[in-house]
Amino acid sequence: EVQLQAFGGGLVQAGGSLRLSCVASGFTFDDYVIGWFRQAPGKQREGVSCISSTDGRTYYVDSVKGRFTISSDDAKNTVYLQMNSLKPEDTAVYYCAVDRGGSIVTPWEFYDYGMDYWGKGTQVTVSS
């Protein structure tokens with residue numbers, strides 16, 4: 001059974017940083033894309049960033065480019081999202097998700113319908 005556990009959310013002031021972690025287990029497949037979605041109150045869920053296990057390619061939604069960095073540690077089965085220069089508009093529940101395909105489907109921010117597994121969210125709140 002695939003399980004995704006997200007950690008690292010919290011309350012931070014604008015301009016601050018947080019690092020989210022997603023610990024994955026139960027994979028029986030080699031090729032996948034793993035990443036982060038977020039959903040703010042009253043808004044649609046959107047993809048933030050992802051990384052492919054096949055070739056290490058990454059994708060970022062325009063609003064986080066230059067501020068967020070996604071990385072993976074295969075030995076720990078963990079994917080990280082380093083979030084710097086946080087803004088109040090980054091406030092949302094962040095979810096880790098996996099697509100069993102190895103290629104990143106673009107625009108990935110709208111691809112939540114294609115994800116096969118979801119973890120529980122972690123709240124990120126950025127105060128102004």
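FYI, the numbering just counts along the sequence from 1.
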Item to check | For Phe37, all residues meeting ring-ring contact (aromatic ring centres under 6.0 Å, His included), sequence neighbours excluded | outcome: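 Partners of Phe37 under the ring-ring contact (aromatic ring centres under 6.0 Å, His included) test: Trp108, Trp118.
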Next on the checklist: Once side-chain contact (heavy atoms from CB on, under 4.5 Å) is applied, do any residues pair with Arg67, and if so which ones, sequence neighbours excluded?
Outcome noted: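 side-chain contact (heavy atoms from CB on, under 4.5 Å) list for Arg67, sorted by chain: Val64, Ser85, Lys87, Asp90.
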ILVMFWY cluster, [X] and [Y] together (side-chain gap under 4.5 Å):
| X | Y | result |
| --- | --- | --- |
| Tyr95 | Met83 | no |
| Val12 | Val48 | yes |
| Tyr117 | Ile34 | yes |
| Leu4 | Met115 | no |
| Tyr111 | Val98 | no |

Show the atom names and distances, to 0.1 Å, of all donor-acceptor pairs under 3.5 Å that link a side chain in residues 121-128 to residues at least two apart or in another chain.
residue, atom, partner, partner atom, Å
Thr122, OG1, Gly9, N, 3.1
Gln123, NE2, Ala92, O, 3.4
Gln123, NE2, Thr125, OG1, 3.3

Checklist outcome for this item: d(Leu18 CG, Asn84 CG) to nearest 0.5 Å is 9.5 Å
Item to check | Spatial distance of atom NZ (Lys120) from atom SG (Cys96) [nearest 0.5 Å] | outcome: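 One gets 14.0 Å once the value is rounded to the nearest 0.5 Å.
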N/O donor-acceptor pairs under 3.5 Å from side chains in residues 53-63, not counting sequence neighbours:
residue, atom, partner, partner atom, Å
Ser53, OG, Asp30, O, 3.0
Ser53, OG, Tyr32, N, 2.9
Ser53, OG, Tyr32, O, 3.1
Thr54, OG1, Asp31, OD1, 3.3
Asp55, OD1, Ser52, OG, 3.3
Asp55, OD1, Arg57, N, 3.0
Asp55, OD2, Arg57, NE, 3.4
Tyr59, OH, Glu109, OE1, 2.5
Tyr60, OH, Ile70, N, 2.8
Asp62, OD1, Lys65, NZ, 3.0
Ser63, OG, Arg38, NH2, 3.4

Checklist entry - Which other residues end up in the same hydrophobic cluster as Phe7, if Ile, Leu, Val, Met, Phe, Trp and Tyr are linked when side-chain heavy atoms come under 4.5 Å apart? => result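 Taking Ile, Leu, Val, Met, Phe, Trp and Tyr as members, Phe7 shares its hydrophobic cluster with Val23.
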Checklist entry - Does any pair with a residue in residues 28-80 pass disulfide (SG to SG under 2.5 Å), and if so which ones, sequence neighbours excluded? => result none
Checklist entry - What's the verdict on side chain to side chain contact (heavy atoms under 4.5 Å, CB included) for Gln5 and Cys22, showing C-alpha distance, side-chain angles and the deciding distance? => result CA-CA 5 Å; Gln5 294 182 299; Cys22 175; over 6 Å; no
Checklist entry - Quick one: do Asp112 and Arg45 make a salt bridge, cutoff under 4.0 Å? => result yes
Next on the checklist: Could you go through Ser49 and Leu81, starting from their C-alpha distance and side-chain angles, then the distance that decides it, and tell me whether this counts as side chain to side chain contact (heavy atoms under 4.5 Å, CB included)?
Outcome noted: CA-CA 8 Å; Ser49 180; Leu81 186 68; 4.0 Å; yes
Checklist entry - Any luck finding a side-chain donor-acceptor pair between Asp73 and Thr78 under 3.5 Å? => result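 Side-chain D/A pair, Asp73 to Thr78: absent.
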Item to check | Candidate pair Leu86 and Phe68, rule side chain to side chain contact (heavy atoms under 4.5 Å, CB included), full reasoning | outcome: CA-CA 9 Å; Leu86 282 161; Phe68 291 12; 3.8 Å; yes
